[in-house]
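Okay, so here's the structure we're looking at.
Chain identifiers are assigned alphabetically (A, B, ...) following the order of the sequence lines, protein sequences preceding nucleic acid strands; residue numbering begins at 1 within each chain. Since this is a predicted model, take the numbers as computed values, not measurements.
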Amino acid sequence: MPFALIDCNNFYVSCERVFQPKLNGKPVVVLSNNDGCIISRSNEAKALGVRMCAPWFKMEKLAKQNGIVAFSSNYTLYDDMSKRFMSILSTFAPRQEIYSIDESFLDLEVIEPHSLVAYGQKIRKTVLRSLGLPVCVGIADTKTLAKLANYCAKMELVGEDGVCDFGQLNDAERSALFASISVREVWGVGRRISEGLLAMRIKTIEDLRTANLKRIRSQFSIVLERTVQELNGISCIQMEEVAKPRQQIIVSRSFGTMITGLDDLSESIAYFTSRAAEKLRQDGSVAASISVYIYTNAFKEDAPQYTGSTIVQLNQPSDDTMELVDAAIKGLKEIYRSGFHYKKSGVVLMGLQSKGSIQATLFDDIDKQTKSDNMMRTLDAINQKMGKGSVTLAAAGLKHRWAMRNERQSPNYTTDWSELLIVE
DNA sequence: TCTGGGGTCCTAGGACCC
DNA sequence: TCTGGGGTCCTAGGACCC
């Protein structure tokens with residue numbers, strides 16, 4: 001029962017290139033929030049030795065020498081492109097699991113085994129033609145293998161034109177292929193686990209596939225045991241068509257400049273909490289508690305370091321921005337210490353539950369609750385219509401001295417009429 | 001000067017109870 | 001008073017992912 005994994009090549013870079021085709025064939029990178037480090041690279045940038053997660057300030061010289069074009073990340077654009085991508089894919093299979101912003105599993109059970117490769121090609125061509133994004137397709141009997149087949153397609157190890165179907169390989173071919181790839185490339189095997197595996201002399205994917213299951217279970221966990229099963233074609237990880245409701249909502253940022261005062265920190269916390277509360281209401285959820293944290297810059301080893309964090313319980317689960325901000329500021333005051341240069345702060349909404357499931361009796365003051373709901377609905381409606389952050393709490397401030405840098409951001413081509421691409 | 005942000009799941013260990 | 005085992009629930013931290 002074959003799964004396909006479709007993954008966009010260098011997704012963020014490819015999104016930028018759709019609107020600036022002259023960048024095709026050129027080295028391009030996209031930077032993280034705050035223009036901190038590199039999170040997406042074109043193949044040409046990879047060929048120049050630009051590493052994933054490399055700090056941008058260390059790469060600027062190389063960039064200048066080689067004409068690397070850098071963009072600040074534009075999540076509004078990427079999210080919109082992602083929605084279009086997922087919508088196209090949904091027409092190719094009865095069941096789809098959206099796995100990340102640029103990856104999706106499809107259930108290809110209904111496709112004849114001998115025509116899977118051609119079907120994969122059709123998916124590729126359709127996405128490229130209608131959206132301009134290059135993708136690779138991996139096809140196999142389990143999700144773990146489909147991820148691996150996708151990797152093989154991307155690296156051009158087997159398959160052709162960006163499609164790899166493991167069903168086309170016989171046992172000997174598969175073993176030889178797996179023996180040539182590091183175990184680190186397996187979905188679910190990260191740095192620590194690969195180190196542990198190495199100590200057991202398990203280096204390649206073939207080593208892991210043929211490893212003793214009981215030993216894997218006892219030395220590691222049931223998770224890795226399932227991975228080994230999946231490498232052997234036994235499907236243990238099912239498709240999840242309906243996204244589970246989120247368990248927590250995090251909003252955090254590094255600051256564009258160091259800040260020291262409680263006022264600036266309070267502004268940032270109020271602002272982040274407002275954003276988190278918006279997401280919470282979009283999900284139709286309420287939070288039972290909120291965690292607040294602040295960091296100094298760990299990279300500045302000679303500067304005094306401090307991290308503070310705390311969790312504030314709400315009187316009752318809430319989705320009201322003002323209540324959440326009050327709680328967050330209370331938490332911040334507990335953990336704030338003067339005399340430090342702060343680099344980052346953040347909030348986490350926790351204990352999320354569906355608003356509908358909260359018993360009416362919990363809302364002891366119905367009147368107050370209705371007022372709050374109306375206020376939040378209005379707030380969200382205005383911000384939706386007029387743009388993010390049009391109406392905010394005074395506590396979130398206007399100066400935003402802590403705001404992140406994003407000096408190289410592209411326009412919101414697809415979501416803002418005033419930023420449409422102009423063809424000259 | 002300058003080093004991302006947002007998630008999930010599992011496990012171990014402590015608190016508490018019988 | 002001490003001793004013991006077993007169960008549940010919660011939380012913190014680790015590991016992983018994109």
Determine whether the side chains of [X] and [Y] contain a donor N or O and an acceptor N or O closer than 3.5 Å.
X: D80(A); Y: T414(A); answer: yes
X: N232(A); Y: Q229(A); answer: no
X: T296(A); Y: Q305(A); answer: yes
X: E230(A); Y: T144(A); answer: yes
X: K344(A); Y: N297(A); answer: no
X: T204(A); Y: E206(A); answer: no
X: S285(A); Y: S354(A); answer: no

Handout entry: Stem list, DNA chain B (Watson-Crick or G-U pairing under 3.5 Å, at least 3 consecutive pairs)
Key = B:5-18 with C:5-18

Quick test: give all pairs of protein nitrogen or oxygen and nucleotides 2-4 of chain B nitrogen or oxygen below 3.5 Å, distance rounded to 0.1 Å.
unit_1: dT3(B); atom_1: OP1; unit_2: K343(A); atom_2: NZ; d: 2.5
unit_1: dG4(B); atom_1: O4'; unit_2: S32(A); atom_2: OG; d: 2.7

Problem - Within residues 224-249 of chain A, residues whose heavy atoms come under 4.0 Å of DNA chain C - result: none

Problem - Contact residues, residues 182-197 of chain A to DNA chain C [heavy atom, < 4.0 Å] - result: V186(A), W187(A), G188(A), V189(A), G190(A), R191(A), R192(A), I193(A)

For nucleotides 8-13 of chain C, give me every protein contact, N/O to N/O, under 3.5 Å, one pair per line with atom names.
none

Completion exercise
So side-chain hydrogen bond (donor to acceptor under 3.5 Å, both in side chains) across residues 325-338 of chain A, not counting sequence neighbours, yields T310(A)-E334(A)

Handout entry: Pairs satisfying side-chain hydrogen bond (donor to acceptor under 3.5 Å, both in side chains), at least one member in residues 119-143 of chain A, at least two apart
Key = E97(A)-K143(A)

Exercise for the section: Only counting residues at least two apart or in another chain, list the ones meeting side chain to side chain contact (heavy atoms under 4.5 Å, CB included) with R191(A). Expected result: R184(A), E195(A)

Fill in the blank from the handout: Assign each of F220(A) and V251(A) the nucleotide of DNA chain B bearing its closest heavy atom; nearer the 5' end lies the nucleotide of V251(A)

Practice task
Tell me which residues in residues 97-108 of chain A put a heavy atom below 4.0 Å from DNA chain B, sorted by number, or none.
Solution key: none

Completion exercise
Between K355(A) and the options D320(A), D373(A), D283(A), the salt bridge (charged side-chain N to carboxylate O under 4.0 Å, His left out) test singles out D373(A)

[X] [atom1] to [N] [atom2]: how many Å, rounded?
X: F11(A); N: dC17(C); atom1: CZ; atom2: C1'; answer: 17 Å
X: D283(A); N: dG6(B); atom1: CG; atom2: P; answer: 14 Å
X: I6(A); N: dC18(C); atom1: CD1; atom2: P; answer: 15 Å

Handout entry: By salt bridge (Lys or Arg N to Asp or Glu O under 4.0 Å) - contacts of R281(A) (at least two apart)
Key = D380(A)

Exercise for the section: May I ask you to check whether over 12 heavy atoms, not counting those of K203(A), lie within 6.0 Å of atom NZ? Expected result: no

Exercise for the section: Using a 4.0 Å heavy-atom cut-off across all strands, classify L31(A) as base, sugar-phosphate, or nothing. Expected result: nothing

Fill in the blank from the handout: Sorted by chain and number, sequence neighbours left out, ring-ring contact (aromatic ring centres under 6.0 Å, His included) with F19(A) holds for Y413(A)

Fill in the blank from the handout: Y99(A) meets the ring-ring contact (aromatic ring centres under 6.0 Å, His included) criterion, sequence neighbours left out, with F105(A), W187(A)

Exercise for the section: Classify the angle between the aromatic ring planes of Y78(A) and Y75(A) as parallel (below 30°), tilted (30 to 60°) or perpendicular (above 60°). Expected result: perpendicular

Exercise for the section: Might you work through the salt bridge (charged side-chain N to carboxylate O under 4.0 Å, His left out) test for K154(A) and E185(A), ending with a clear yes or no? Expected result: CA-CA 12 Å; K154(A) 199 162 277 182; E185(A) 302 302 334; over 6 Å; no

Handout entry: Spacing of the C1' atoms in dG4(C) and dC16(B) (rounded, Å)
Key = 16 Å

Exercise for the section: Could you grab the distance from atom CG of D102(A) to atom OG of S82(A), nearest 0.5 Å is fine? Expected result: 7.5 Å

